Structure formats: C-alpha cells, structure tokens
Amino acid sequence: MKNTLLCCLAAASLALSFCFDKTPDAPASAGASAPAIAEASLLSGLLPTPADSAAAPRAEPPAATAARDSLAYGYYGQTLGVSLAHTENKSLLRTITNWLGTPYSYGSSSRRGTDCSGFVSQVFKKVYGITLQRSSRSMFTSVRRVAKTDMKAGDLVFFRHGRGAIYHVGIYLKDGKFAHAACNGGVMVSSLHQAYYKHNFYSAGRVAGTAGFSPDATPTEAAELLHANANARPE
C-alpha cells in the first residue's frame, strides 16, 4: 500500500514538472506583427526618422534636380508658347503662368481681376521684390531703354497710339512673345509680330535690379553689376 502511494506521488510530480518546464507558446499577435516589423525595417531606410526630421534636410541629388527643372521648363515653355533654354528665371515663368486667365479689371491688381500695370506691378513685386509705379506711363520713366533686338525676359514693353501717350505695358518673355493684361481677354501671352502690337509698339525698358548674375560670378563682378543697376537711369 505504501509503495503504491509513493508511486502515485512520483507520477504526479513528474506530470507537474513536465507542465511547468514547457515553454509557453508565443501569442498569436506576435506572428501577426512580423510583416509589420519587416515593413518598418524596410521603410526605415527610405523614410526620415524623428531624429532625421530634426536635422537639416538632405540635399537633392543633382540628377533629380536636373530632371525636376527640365519638367518645369518644359511645362512653362508649352504653356507660355516659347522655346526655353532652361536658364531663364523660373520664378518669373511660374508667376506669369499662375496669372494666366485672370480677367481684366481696370484699376485692379489682384487675381480676381487686373489691368495691365496692375499685373506688371504684382509680378515684379513677387519675383524681384521691386515696387513699381502704378501706371504704364510712370513705369516708363523708371526704366533704362533697351533696343528691341536686345530685349530679355523680364524687360517691359510699352505701347502707344502714334504720337500719343503710352497706354499699355507688358512683360517680355522670349521669341517675340510678351505677357500682359488685355482689356479684351485678361492676362494672356501675345506676340509683338501681331499686326496690332507691331504697329503700336513704342519701346522696351529694363528695370534696375532685374538683371541677375551667375552664381559663379566673382565678388568683383557681382559688385559691378549691383553698382550698374543702382546707377541705371532712363534714357
């Protein structure tokens, strides 16, 4: 009897030891989270971490910058109807493109409606940080006149009827094209070769401070250009 009781106790002890020594199964949620962990590991090399976002942003690869610029110039060239050399002022092209289609409104200068001098003044303020006088006649008194064959993007083009006063102004682009706010169509791109504008074209002028210099220019070249702009006077 005593031996039978000892055998039963030994068997029970062995069973209990087996249960407590067995490693518990991993929870079901652990298996389900494995793909998420793998995905997080993969994205960690592609997405910025909190520490990265606090640091300075990484420089864009030159190839990516060139591709982005090429697409931008292609879009502006197609929209404005000009052939671009990819060296033009992108801010000027972008700003004019954004104003296209704005309706004409005499005496106004907003995207809800604008006249010719209002459009020009808003573009120059946005692109160059230059505040121009509010009428086409006044603008003409503050420019340095340039020959029609020497016009560059950003120059102003002025119009008048015969020997009358200047009545209209626009912003020259390229290929004989200029942007302006026309009373019969709002902000648009027209050609100086069109009969009406060819007949009434009076002069082109360059506003001091709009002629940029190359980022590779020496300090002496930059100083000379700034000095020339500061001392520019209308002819």
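Position 1 is the first residue of the sequence; numbering continues from there. Just so it is clear, the structure is predicted and the values come from calculations on it, not from any experiment.
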Given the rule that I, L, V, M, F, W and Y join up when any side-chain heavy atoms are under 4.5 Å apart, are [X] and [Y] in one cluster?
X: V127; Y: Y75; result: yes
X: V189; Y: Y73; result: yes
X: I130; Y: F158; result: yes
X: L100; Y: F119; result: yes
X: L71; Y: L80; result: no

Do [X] and [Y] have side chains that approach each other closer than 4.5 Å (heavy atoms only, starting at C-beta)?
X: D155; Y: I171; result: no
X: F124; Y: T210; result: yes
X: V143; Y: R206; result: no
X: F159; Y: V169; result: no
X: R160; Y: F201; result: no
X: H180; Y: V157; result: no
X: S83; Y: D175; result: yes
X: N184; Y: Y104; result: no

D69 and H86 side chains, donor-acceptor separation under 3.5 Å = no
inquiry  = If only side-chain N and O atoms count, and only distance matters, is there a donor-acceptor pair under 3.5 Å linking S138 with S135?
reply    = yes
Count the heavy atoms of every other residue, nucleotide or ligand shown that sit under 6.0 Å from [atom1] of [X], and state whether that count exceeds 12.
X: K125; atom1: NZ; value: no
X: K126; atom1: NZ; value: no
X: K90; atom1: NZ; value: yes

Working to the nearest 0.5 angstrom, can you tell me the gap between [X] [atom1] and [Y] [atom2]?
X: L92; Y: Y76; atom1: CG; atom2: OH; result: 10.5 Å
X: K174; Y: L93; atom1: NZ; atom2: CG; result: 9.5 Å
X: K177; Y: Q194; atom1: NZ; atom2: CD; result: 9.0 Å
X: M151; Y: L192; atom1: CE; atom2: CG; result: 5.0 Å
X: L84; Y: L173; atom1: CG; atom2: CG; result: 8.5 Å

inquiry  = Under the criterion side chain to side chain contact (heavy atoms under 4.5 Å, CB included), I'd like the reasoning laid out for K198 against H193: C-alpha separation, chi angles, the key distance, then a yes or no.
reply    = CA-CA 5 Å; K198 182 177 181 179; H193 302 303; 5.7 Å; no
Of all heavy-atom pairs between [X] and [Y], which one has the smallest distance, and what is that distance?
X: H168; Y: S136; result: N-OG, 3.8 Å
X: P103; Y: R111; result: CD-O, 4.2 Å
X: W99; Y: V187; result: O-CB, 3.3 Å

key: Y202: which of Y197, Y167, F140 passes ring pair (Phe, Tyr, Trp, His ring centres under 6.0 Å)   = F140
message = What I want to find out is whether R145 reaches D150 closely enough, with some N-O distance under 4.0 Å, to be called a salt bridge.
response = no
task = Verify, without hydrogens or angle tests, whether N89 (side chain) and S91 (backbone) share a donor-acceptor contact under 3.5 angstrom.
result = yes
request  = Using side-chain contact (heavy atoms from CB on, under 4.5 Å) as the criterion, point out the one residue from S110, S109, S117 that pairs with Q122.
outcome  = S109
key: side chain to side chain contact (heavy atoms under 4.5 Å, CB included) evaluation trace for V123 with Y128   = CA-CA 8 Å; V123 170; Y128 304 109; 5.8 Å; no
query = Going through the distances and angles, do E88 and V82 end up as a side chain to side chain contact (heavy atoms under 4.5 Å, CB included)?
reply = CA-CA 11 Å; E88 295 81 2; V82 293; over 6 Å; no
